[in-house]
Amino acid sequence: MIAASDRRVIPAEAADAGLRLDVFLAASLDMTRSAAQKLLDGGLVTSAMPDGSEKELPKNARVKPGDVFFVTVPEPAPLEVAPENIPLDVRYEDDDVIVISKPKGMVVHPAPGHETGTLVSALLYAVGDSLSGIGGTLRPGIVHRIDRDTTGLIAVAKNDRAHVALSAQLADHSMHRIYDAIVIGNLKNDEGTVDAPIGRSPADRKKMAVVPGGRHAVTHYTVLERFPGFTYVRLRLETGRTHQIRVHMSHIGHPLLGDEVYGGGRTPFEKKHAALIDGQCLHAGTLVFRHPTTGEEVTVTSPLPADFSHLLDILRTL
């Protein structure tokens, strides 16, 4: 086995059934197919067996519904992850799960250029060794992520059993992630669904886009308030692709306020209120999941950040 420190849980969705495993992993991990094949050849990809053991898989294996894969990804360069005394907004906590409301500007896990000040460093200080080991040393307990400039709720697993259970809920869409956003323009309908596949943009590899052959992605939206030139919306993710809400809303002609990457950030309103707008106006306000031990439904909420609320107040005066 190749020594590595980053171990990830990747559950398969129904739409992934029948894909070659190397193709599925390349899309899931945002890497080339040859890189995914090297992981398989190195014995770094296993699947969970009914008895709790793990089985190594060949690169020509096919994905089946309900599969859960464990992938150990060698880190290109070592990164030191040290605990840091950073205040955390804990919205829920027990022996299995801790749910944090992440502030704007905080990166979830260390990466080149963002080695310190991350959510992972804050968690290591706050709860120490009480985190799932599945994500490895760089992503301990991290079940899902939100972008640096998106605020709101992230569920973190405190043990491997909880991590697998929560990851499975992401895959079968029984974990509900609900966001609030301000978008540019006025949506035609009060509610709707964007069902459009997302993949790496062929024009800019740093961006995602709606592309033929991309991964299945579905976002549901409901209009909460309308203003001249803007709409306050609530969005529910059915799937969880990278930048999904930002890409989908831009795709239908309504990019998020402040999202310069996907078409926001260019209106006179944004220029006038630049002090309040630092990145996309997107907040993960509600998280609903089945508790990994009790099976009971848990609903966690986080109020809108002050700058988001202030922007809404200003829009209500237009």
Side-chain angles (χ1 to χ4, degrees), residues 6 8-13 15-16 19 22-36 71 73 76 102 104-109 111-114 119 139 142-154 167 170-171 173 175 177-185 187 192-221 233 235-266 277-284:
D6 185 13
R8 308 188 195 182
V9 178
I10 304 180
E13 301 180 1
D16 300 317
L19 290 175
D22 55 351
V23 174
F24 168 74
L25 292 175
S28 300
L29 296 167
D30 191 23
M31 61 174 53
T32 65
R33 187 170 171 182
S34 62
V71 184
V73 182
K102 187 189 78 67
K104 184 181 288 288
M106 175 181 272
V107 175
V108 173
H109 57 77
H114 297 286
L119 177 62
R139 298 174 176 86
I142 301 298
V143 176
H144 62 104
R145 296 179 295 168
I146 57 178
D147 298 335
R148 179 181 65 182
D149 290 330
T150 299
T151 58
L153 300 171
I154 296 180
S167 295
L170 282 173
H173 313 313
M175 178 184 287
R177 288 165 292 163
I178 300 171
Y179 292 72
D180 281 9
I182 302 172
V183 302
I184 295 172
L187 290 157
T193 296
V194 185
D195 184 346
I198 291 177
R200 189 63 58 180
S201 170
D204 184 347
R205 298 296 294 173
K206 294 181 180 180
K207 296 172 59 176
M208 308 302 289
V210 169
V211 294
R215 298 196 70 191
H216 177 61
V218 179
T219 305
H220 306 281
Y221 67 83
V233 296
L235 307 112
R236 179 174 64 83
L237 290 177
E238 187 171 312
T239 54
R241 309 306 176 204
T242 301
H243 298 176
Q244 178 172 316
I245 289 174
R246 300 166 64 189
V247 171
H248 270 173
M249 297 313 290
S250 178
H251 176 68
I252 64 172
H254 298 283
L256 271 60
L257 179 70
D259 190 355
E260 295 184 0
V261 174
Y262 293 105
R266 301 170 184 172
I277 303 173
D278 183 14
Q280 64 274 2
C281 293
L282 183 62
H283 177 67

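Everything numeric in this text was worked out from a predicted model, so none of it was measured.
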Side chain of [X], backbone of [Y]: donor and acceptor closer than 3.5 Å?
| X | Y | value |
| --- | --- | --- |
| Lys102 | Val107 | no |
| His220 | Glu238 | no |
| Lys207 | Val261 | yes |

Mind checking what makes side-chain hydrogen bond (donor to acceptor under 3.5 Å, both in side chains) contact with Arg266, not counting sequence neighbours? none

Over all heavy atoms of both residues, which pair between [X] and [Y] is shortest? Give the atoms and the distance, please.
| X | Y | result |
| --- | --- | --- |
| Ser28 | Arg215 | OG-NH1, 3.4 Å |
| Leu282 | Thr150 | O-CG2, 3.4 Å |
| Gly258 | Ile277 | CA-CG2, 3.5 Å |
| Leu235 | Ala181 | CD1-CB, 3.6 Å |
| Cys281 | Leu256 | O-CD2, 4.1 Å |
| Gly214 | Pro197 | O-CB, 3.5 Å |

Rounded to the nearest 0.5 Å, what's the gap from [atom1] on [X] to [atom2] on [Y]? Could you check?
| X | Y | atom1 | atom2 | result |
| --- | --- | --- | --- | --- |
| Arg148 | Leu119 | CZ | CG | 14.5 Å |
| Glu260 | Asp149 | CD | CG | 10.0 Å |
| His144 | Ile154 | NE2 | CD1 | 6.5 Å |
| Asp259 | Ile245 | CG | CD1 | 11.0 Å |
| Asp147 | Gln244 | CG | CD | 11.5 Å |

Below 4.5 Å, heavy atoms only, C-beta onward: do [X] and [Y] meet side chain to side chain?
| X | Y | value |
| --- | --- | --- |
| Met249 | Ile184 | no |
| Leu237 | Tyr179 | yes |
| Glu13 | His173 | yes |
| Leu29 | Ile10 | yes |
| Leu170 | Arg177 | yes |
| Val143 | Ser167 | yes |

side-chain contact (heavy atoms from CB on, under 4.5 Å) partners for His216, two or more places apart: Ala15, Asp195, Val218, Thr239, Arg241

Sorted by chain and number, sequence neighbours left out, side-chain contact (heavy atoms from CB on, under 4.5 Å) with Ile178 holds for Arg234, Arg236, Thr286

Test side-chain contact (heavy atoms from CB on, under 4.5 Å) on His248 and Ile198; report intermediate values, then the result. CA-CA 8 Å; His248 270 173; Ile198 291 177; 3.8 Å; yes

Evaluate the side-chain contact (heavy atoms from CB on, under 4.5 Å) criterion for residues Tyr262 and His251: first the C-alpha distance (whole Å), next the side-chain angles of each, then the deciding distance (0.1 Å), finally the verdict. CA-CA 9 Å; Tyr262 293 105; His251 176 68; over 6 Å; no

